[in-house]
Amino acid sequence: MRKLTQQVDEVVIRFAGDSGDGMQLTGSRFTETTAIAGNDLSTLPDFPAEIRAPSGSLAGVSAFQIKFSSKDIHTPGDAPDVLVAMNPAALKVHQKELPPGGTIICNSNAFSSKNLKLAGYETNPLEDGTLDDYYTLYSAEMGKIVARACADMGLPSKTVDRTKNFFALGLLFWIYDRPTQPTKDWLAIKFGKRPELVEANIRAMDAGYNYGDTTEIFTTRYTVDKANLPPGTYRNVVGNHALSMGLAAAAEKSGLELFYGGYPITPASDILHSLSAWKHLGIKTFQAEDEIAGIGSAIGAAFTGNLGITATSGPGIALKGEALGLAVIAELPLVIINVQRGGPSTGLPTKTEQSDLLQVMYGRNGEAPMPVVASATPGDSFFVAYEACRIAVKYMTPVMLLTDGYLVNGSEPWQVPQLDNLHPFDVKFADKDQIVDGQFMPYLRQKKTLARPWAIPGTEGLEHRIGGLEKEDVTGNVSYDPENHHHMVETRALKVEKIAAEFGSTEIFGNTSGDLLILSWGSTKGACRSSAEMLQTDGKKVSHVHLRWINPLPNDLGEILIKFKNVLIPEINYGQLIKMIRSEFLVDAKGLNLVRGKPISSSNIMQSAIDLIG
Amino acid sequence: MSESSVKTYTRTDFSSDQAVRWCPGCGDYAILAQTQKVFPDLGVDKENFVFISGIGCSSRFPYYMNTYGFHTIHGRAAAIASGVKLSNPDLSVWVVTGDGDALSIGGNHTIHLLRRNLDINVMLFNNRIYGLTKGQYSPTSEVGKITKSTPMGSLDRPFNSLALSLGAGATFVSRTIDRETKHMQEMISRSHGHKGTSFLEIYQNCNIFNNGAFAPLTDKETKGDTVLWLENKQPLLFGVQKNMGIRLDGNKPIVIEIGDKWSVDDVLVHDESDYVIAALLSNLTYQPDFPDPIGVLYAIDSETYEDAMVKQINTAIAKKGSSSVQDILNAGDTWVVE
């Protein structure tokens, strides 16, 4: 039968299955292939904290959403167009987010009475007609077909059954007209030492592809044109990987050795994994005994002249609090990465949230101001990491870098940066020239930045002592003098404020005045930009400003805010940036605060905007 | 470590310009003096010494040494020192800590430093009391210690710091006493000479809050019978006349008197490389019927963490060739948009 081909602008697919079904892998393979196909894309992995929750249970459902488009997109999409459900639990959890008219693709072999019961179905939804009124339902016997495809290979049936995700992948490749060859090449590398697994997965994928091509069930294929991206060389990049490369780039450009001290924590561990694989770049990674030793070792490294880095998530920041204060008073360059996740306490370890902003701003004893910068997209994490390192060294200060679970596991097409084009990053350690009257002054500051000299052990003549006790400015000697303490509190605050001189004027998406300004920070940028675009298309006087640095805030922000009748601040928290903005600028900003462990959707933001301005 | 110094120093080269602020009569003075005395002879350029401390009376130490120093936060000196050493393995890194700092709030960092075997020298000033917070019992205080926080006596059993460090996998375990200045100099030199983490416990008198805690070990009248001076490959003899010895009765140590029944040949011979002997000696502490050992209990050669780390980096460079981050940026599936 002749198959139709239909052109569409954008598609959102959600792969969902048991934790053991390989949904993250399936999603990332589809992503890589889609990237090569030249679409713009954005992804959202969503997996449980349990490594292997009981098979078939609702708690064990793992999902991966990808939106790809021929247009420039900013988010992984709100609701899916297509739901791939590998078992009843996956269908149960995700069906409610699939709008009527959507497509469901199921592995009918997994719809056993046991699995149906685990998912809470009394009857089989593939057979009882409940889905047919609303959705286009395709159910394929994926388990049986892959078993047939691999029948002559003599592999254990369990091994063969585990290839059914590649059947689903192959089917999706057919529907959306993507090549299978890149995944075949990838399989050959991934399972190089086990050629039988390469073969079995290829057979499963081909079976899925041919299933679409030859059966009469599927009548239409869809094509999504290449996105109109600026010219250049592109790759797909995942947030944590981009961030790690940004740190490595900072080390290479500055000539500093990179020392990373950290303790494994979801969702930050991939930074440790990435960096520890790059020993050939001279990168030193130290898996410390706990969070405090992670930052402690990084502070020791910074004192010794390395680029000291540590990364963690919210609970780890709480443990590192005292050491953060030490880095502030010792005025040492250090980058602390906080991959935010749902809280409080252990909270939702694998879900995303923006709820640590006030913790990193104010969560330390004493007056301990610290610059705070946030990544906006997976690829942006590279540039933010580089910039955090550069500012830390230039101003001799710890810098807090915020990212979140969505950003670090999400991915997007990315124009490969060139090291030569990055901001210059020069470092000068203190030397004997800085000895005044036979004395080295460890707190003698540069006028413009207020940075103190970075005098590292091993440098003759600059022997000096620093520590957590208040110091006298210039000499660095321990001081309990009231005037000096007040002066030092002011100086440390002023030093952070001075960083604002690095920013150009704030970019405003839309007009410089109007009915509504949407103000964002971190990963909500994409959804806010999409909303502003759509509202502007509808003729609304809406603009969007995104904050990369939250401390210090841009010098021109106050002037921008007052030119709008309303200010809306969407955040994945209970209202944090909004507190800072209201107290700093006395602006009656409104919040949109959705704390559900997932990104805020643009439809939510548009609704809030319309509620405000009509 | 930089052993190539051609510079000569005197003890005053190691004295900073800061006034020393310990209580008059504190045992810390003796430790500072002996350190400043020994350091000129260690053959290390002054700029390559780094002192890292936590919080407590002992942790003021770096301010008084004219070397690089960092007075950090409570319990974390070992962690910060680890970062220093890994960032520049050529430095001679010293951790100055106390019984509260190293064994209570910082206990975790202490044991992990010891098991990793970084070439860092730990000097633990053990006064069996919290001095800086004005006199609460510490994790090395004896059971029943009456203090401000334990008016009816402390309930917890004390840590045995030497046994703890042996259990943590330390490659060098030693002890000295603040009053035995010559011995302390020797122990500081031995600590420096050991490649790997050196653990040196220094019994130190807090004359304000725990005065006389070690008096039986330092008073002329008693110390002959209460201190066991360890010497490698020598029999474990003590007593003013050196006529008492430690002998193994099965697996149990017993005290014997040299005379009619026992000769020196019956006395256990110390061997710094023998873990079983070290463990046995460490457990004599807190036992009223035995003398307390001072000296080197245990010293073995084992690869340091930083050497192994540098080796891995060199292996990776040899395997992949030294490359640029640009290669990693360019890696993977890429496509060109015209």
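Lettering follows sequence order; numbering is per chain, from 1. What you see is a predicted model; the values in this text were computed from it and never measured.
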Check this for me: [X], atom [atom1], are more than 12 non-hydrogen atoms of other residues, nucleotides or ligands nearer than 6.0 Å?
X: A:Phe30; atom1: CZ; value: yes
X: B:Phe159; atom1: CZ; value: no
X: A:Asn228; atom1: CG; value: no
X: A:Lys184; atom1: NZ; value: yes

Could you tell me which of [options] has the largest number of non-hydrogen atom pairs under 4.5 Å with chain B?
options: A:Ala227, A:Ala293, A:Ala301, A:Pro457; value: A:Pro457
options: A:Ala455, A:Ala35, A:Ala330; value: A:Ala35
options: A:Lys226, A:Glu32, A:Met245; value: A:Met245
options: A:Ala288, A:Gly261, A:Pro417, A:Gly468; value: A:Pro417
options: A:Leu229, A:Asn236, A:Ile299, A:Asp290; value: A:Asp290
options: A:Ala37, A:Gly296, A:Gly461; value: A:Gly296

Any donor and acceptor pair, going by atom type alone, linking the side chain of [X] with main-chain N or O of [Y] inside 3.5 Å?
X: B:Tyr63; Y: A:Arg465; result: no
X: A:Glu252; Y: B:Val325; result: yes
X: A:Lys284; Y: B:Leu86; result: yes

At their closest point, which heavy atom of [X] faces which heavy atom of [Y], and how far apart are they?
X: B:His74; Y: A:Glu322; result: N-OE2, 4.2 Å
X: B:Tyr68; Y: A:Ile456; result: OH-O, 3.3 Å
X: B:His71; Y: A:Leu469; result: CE1-CD1, 3.7 Å
X: B:Ile313; Y: A:Gly282; result: CG2-CA, 3.9 Å
X: B:Ser82; Y: A:Phe286; result: CB-CZ, 4.3 Å
X: A:Tyr480; Y: B:Arg21; result: CE1-NH1, 4.4 Å

Report which part of [X] has an atom under 4.5 Å of a heavy atom belonging to chain A: side chain, backbone, both, or neither.
X: B:Phe51; result: neither
X: B:Thr67; result: backbone
X: B:Gln326; result: both
X: B:Arg60; result: side chain
X: B:Thr315; result: neither

Rounded distance [0.5 Å steps], CD1 in B:Ile80 versus OG1 in A:Thr304: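 Going from CD1 on B:Ile80 over to OG1 on A:Thr304, the span is 10.5 Å.
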Value rounded to 0.5 Å, distance of CD in A:Gln418 from CG in B:Asn330: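 Rounded to the nearest 0.5 Å, the CD-CG separation comes out at 6.0 Å.
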B:Ser87 and A:Glu257: side chain donor to acceptor below 3.5 Å: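 Note: B:Ser87 and A:Glu257 side chains miss the donor-acceptor criterion.
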Under 4.5 Å between any side-chain heavy atoms of [X] and [Y], yes or no?
X: B:Leu329; Y: A:Trp414; value: yes
X: A:Leu281; Y: B:Ser323; value: yes
X: A:Phe259; Y: B:Val84; value: no

Checking heavy atoms, do the side chain of A:Trp278, its backbone, both or neither come under 4.5 Å from chain B?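 Just its side chain gets close to chain B.
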Does the plane of the ring in B:Trp335 sit parallel, tilted or perpendicular to the ring in A:Tyr234? Use 30° and 60° as the thresholds.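 Parallel: the ring planes of B:Trp335 and A:Tyr234 meet at under 30°.
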Give me the one residue out of B:Leu113, B:Asn108, B:Thr110, B:Ile111 that meets side chain to side chain contact (heavy atoms under 4.5 Å, CB included) with A:Glu289.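 With A:Glu289 as partner, B:Leu113, B:Asn108, B:Thr110, B:Ile111 yield a single side chain to side chain contact (heavy atoms under 4.5 Å, CB included), made by B:Asn108.
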